[in-house]
2 protein chains.
Amino acid sequence: MTGIRAKARLETTTEIKRLAREQIASKGAANLSLREIAREMGVASSALYRYFASRDQLLTVLIIESYDDIGGMVERADANCSRDDLVGRWRAVSQSLRTWAITNPSDYGLIFGTPVPGYEAPTDTIAPALRYTNVLLHLLADAQAAGCKPLITVPTTKGVSREYKRVRANLEIKLTDEMILAGLAAWAALFGAISFELFGHVDTVFTDPEAHFRALTDMLGTQMLGMK
Amino acid sequence: MTGIRAKARLETTTEIKRLAREQIASKGAANLSLREIAREMGVASSALYRYFASRDQLLTVLIIESYDDIGGMVERADANCSRDDLVGRWRAVSQSLRTWAITNPSDYGLIFGTPVPGYEAPTDTIAPALRYTNVLLHLLADAQAAGCKPLITVPTTKGVSREYKRVRANLEIKLTDEMILAGLAAWAALFGAISFELFGHVDTVFTDPEAHFRALTDMLGTQMLGMK
DNA sequence: GCACTTACGAGAGCAGTGCTCACATTACAG
DNA sequence: CTGTAATGTGAGCACTGCTCTCGTAAGTGC
């Protein structure tokens with residue numbers, strides 16, 4: 001395997017993925033057609049199977065790349081802020097998420113939308129999927145270290161404490177129950193709002209969804225980061 | 001059109017829908033196959049087109065029915081509570097939503113998941129889609145009438161106020177900006193949490209997602225309904 | 001009760017899909 | 001320079017949504 005073939009292979013692979021993304025964007029993931037990709041590339045459809053074992057595998061690769069893309073985006077947005085500007089970091093992170101989602105709606109749907117039936121996310125997707133989550137977790141940890149406390153707290157039941165204990169163990173970050181709850185709430189609201197906007201559940205109501213999104217995330221930030 | 005044919009038609013129609021739901025549940029909406037339905041019914045595939053103009057139209061009908069189903073569910077949950085027990089109503093509404101979503105995951109995906117590509121939701125779906133939304137809106141209105149104020153408020157910008165003005169006009173309910181923001185935040189968090197749970201983004205973390213969900217909605221209720 | 005219309009189902013057919021396989025070609029390695 | 005492994009081909013299988021023609025059966029007006 002000298003350079004020539006390897007290079008050609010890489011080029012063909014990326015070209016396939018590029019055309020696949022194009023198709024997904026214009027006609028949706030469900031209508032992704034390998035034959036059409038082949039047609040556009042002026043090649044026999046069977047040739048594509050030298051590069052991807054199946055349609056599903058192609059989709060998986062695209063999903064992993066999307067996870068990495070969004071992860072990098074969020075990491076960069078966070079890194080651009082001064083470490084102790086927690087509110088600013090939260091704003092940057094949430095804004096970058098929404099921006100990415102709007103710029104790549106089909107990729108967002110691929111990740112956060114209805115799972116493809118019978119499609120079991122391979123373990124390869126787990127690590128990339130955690131990248132953006134880790135950014136928020138570190139933000140929460142830093143907030144806690146800085147003495148932030150969520151504004152609203154509710155009495156936690158035994159069951160919840162047990163669950164959050166498990167979360168703590170999984171994450172190796174020792175957040176308080178209140179912080180975990182606040183973080184998960186903000187997380188859910190964030191993706192709920194983005195999904196609503198993207199999947200067309202609010203488009204008849206808002207003309208400027210970004211304004212609302214800013215107000216929403218500001219509120220979430222206030223709740224989550226509380227008084228320092 | 002005397003009874004006999006009309007009755008037969010109704011029966012066939014419901015049977016088609018039943019089998020379609022079965023298929024969607026087992027293999028996903030994208031893999032819904034009219035031919036397979038026909039096969040299971042022991043009938044020619046073309047016969048189905050006497051009942052539904054296309055696969056998309058069948059999907060639309062199913063979506064509308066799901067909207068009505070979830071709407072009725074939420075309405076009943078709300079109606080079962082004493083009118084002035086606002087916290088209880090919020091709990092009932094959010095719980096019933098999650099329960100419905102978990103009981104009918106494929107229907108939830110149909111409504112709140114990635115839209116089927118190229119599928120433009122017909123106007124017929126708008127009215128049923130508003131049923132469950134109205135329940136929350138009336139809850140918010142009652143809360144405001146009872147003197148509730150959201151706990152956390154953020155300074156609203158001009159842009160947001162303008163947007164919320166439009167919301168108010170559309171809804172014919174005069175909620176304050178703070179109430180609208182709190183309501184939308186709770187709404188987003190609710191569906192974000194349910195989507196995460198259903199679409200498998202948290203199943204590695206929680207063993208008892210309901211406990212967390214309860215804590216989450218309690219917190220949202222506290223924020224939204226505040227001090228009476 | 002009879003003729004007419006309408007609803008319904010059958011089955012062939014079109015264009016598309018994912019995927020497989022035997023076969024040729026071509027680039028690389030020893 | 002020869003053997004091997006990677007690559008592309010094109011036919012083919014089984015499937016899909018959907019259309020069209022055609023025969024039959026059910027309901028309707030007189």
Side-chain angles (χ1 to χ4, degrees), chain A residues 1-17 19-63 110 115-120 122, chain B residues 1-17 19-63 110 115-120 122:
Chain A
M1 274 184 224
T2 32
I4 296 189
R5 266 211 173 147
K7 198 169 178 179
R9 186 172 184 84
L10 187 73
E11 270 173 22
T12 311
T13 307
T14 52
E15 176 68 357
I16 293 173
K17 289 187 288 189
L19 290 171
R21 281 234 152 71
E22 228 171 58
Q23 266 190 44
I24 291 178
S26 68
K27 307 193 301 176
N31 291 38
L32 171 64
S33 160
L34 294 189
R35 283 183 120 108
E36 189 164 335
I37 294 179
R39 233 173 289 130
E40 283 166 359
M41 292 179 69
V43 96
S45 68
S46 52
L48 297 193
Y49 288 84
R50 303 288 180 191
Y51 298 88
F52 295 95
S54 69
R55 215 195 82 148
D56 269 17
Q57 204 237 314
L58 172 56
L59 272 177
T60 301
V61 171
L62 294 179
I63 288 178
L110 218 50
V116 179
Y119 170 86
E120 195 69 29
Chain B
M1 277 185 219
T2 32
I4 296 186
R5 267 212 172 146
K7 198 169 178 179
R9 185 173 185 83
L10 187 72
E11 271 172 22
T12 311
T13 308
T14 52
E15 177 68 358
I16 293 173
K17 288 187 289 189
L19 290 171
R21 281 235 153 72
E22 228 171 59
Q23 267 191 43
I24 291 178
S26 69
K27 308 195 299 177
N31 292 38
L32 172 63
S33 159
L34 294 189
R35 283 183 121 107
E36 190 164 335
I37 294 178
R39 234 175 287 132
E40 283 166 359
M41 293 179 69
V43 97
S45 69
S46 54
L48 297 193
Y49 288 84
R50 302 285 179 191
Y51 299 88
F52 296 95
S54 69
R55 215 195 85 146
D56 269 16
Q57 205 238 312
L58 172 57
L59 271 177
T60 301
V61 170
L62 294 179
I63 288 177
L110 216 51
V116 180
Y119 170 86
E120 195 69 30

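Naming convention: chains lettered A, B, ... in sequence-line order (proteins, then strands); numbering from 1 in each chain.
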(request) Using atom CG of A:L59 as one end and atom P of C:dG18 as the other, report the distance to the nearest whole Å. (result) 11 Å
(request) Can you tell me the distance, in whole Å, between the OH atom of B:Y49 and the P atom of D:dT21? (result) 17 Å
(request) Please list, chain by chain and in numerical order, all residues satisfying side chain to side chain contact (heavy atoms under 4.5 Å, CB included) with A:S54, sequence neighbours excluded. (result) A:D56, A:Q57
(request) Specify the separation, in whole Å, of atom OH of A:Y51 and atom C1' of D:dG8. (result) 8 Å
(request) For B:K7 and D:dG27, give me the distance from atom NZ to atom P, rounded to whole Å. (result) 13 Å
(request) Using a 4.0 Å heavy-atom cut-off across all strands, classify A:F52 as base, sugar-phosphate, or nothing. (result) nothing
(request) Please report, rounded to the nearest Å, how far the C1' atom of C:dG18 is from the CD atom of A:Q57. (result) 14 Å
(request) Can you measure from CD1 (A:I37) to OH (A:Y51) and round to the nearest 0.5 angstrom? (result) 13.5 Å
(message) Base of C:dG18, side chain of A:R55 - is there a donor-acceptor contact under 3.5 Å?
(response) no
(request) With sequence neighbours excluded, give me every salt bridge (charged side-chain N to carboxylate O under 4.0 Å, His left out) pair touching residues 37-52 of chain A. (result) none
(message) Measuring from atom CZ of B:R9 to atom OG1 of B:T14, what distance do you get when rounded to the nearest 0.5 angstrom?
(response) 11.5 Å
(message) Ignoring hydrogens and geometry beyond distance, is the side chain of A:S46 in donor-acceptor contact with the base of D:dG10 at under 3.5 Å?
(response) yes
(request) For A:L48 and C:dC19, give me the distance from atom CG to atom C1', rounded to whole Å. (result) 11 Å
(message) Please list, in numerical order, the residues of residues 33-45 of chain B that have a heavy atom closer than 4.0 Å to any atom of DNA chain C.
(response) B:R35, B:V43, B:A44
(message) Tell me the interatomic distance from A:R50, atom CZ, to C:dT20, atom P, rounded to whole angstroms.
(response) 11 Å
(request) Kindly write out the residues that satisfy salt bridge (charged side-chain N to carboxylate O under 4.0 Å, His left out) with B:E22, not counting sequence neighbours, or none if the list is empty. (result) B:R18
(request) Could you pull out all residues at least two apart from B:S46 that satisfy side chain to side chain contact (heavy atoms under 4.5 Å, CB included)? (result) B:A44
(message) I'd like to check the side chain to side chain contact (heavy atoms under 4.5 Å, CB included) partners of A:Y49; sequence neighbours left out, ordered by chain and number.
(response) A:L34
(request) For B:L58, answer base if it contacts any base atom (sugar-phosphate contacts may also be present), sugar-phosphate if it contacts only those atoms, and nothing otherwise; contact means non-hydrogen atoms under 4.0 Å. (result) nothing
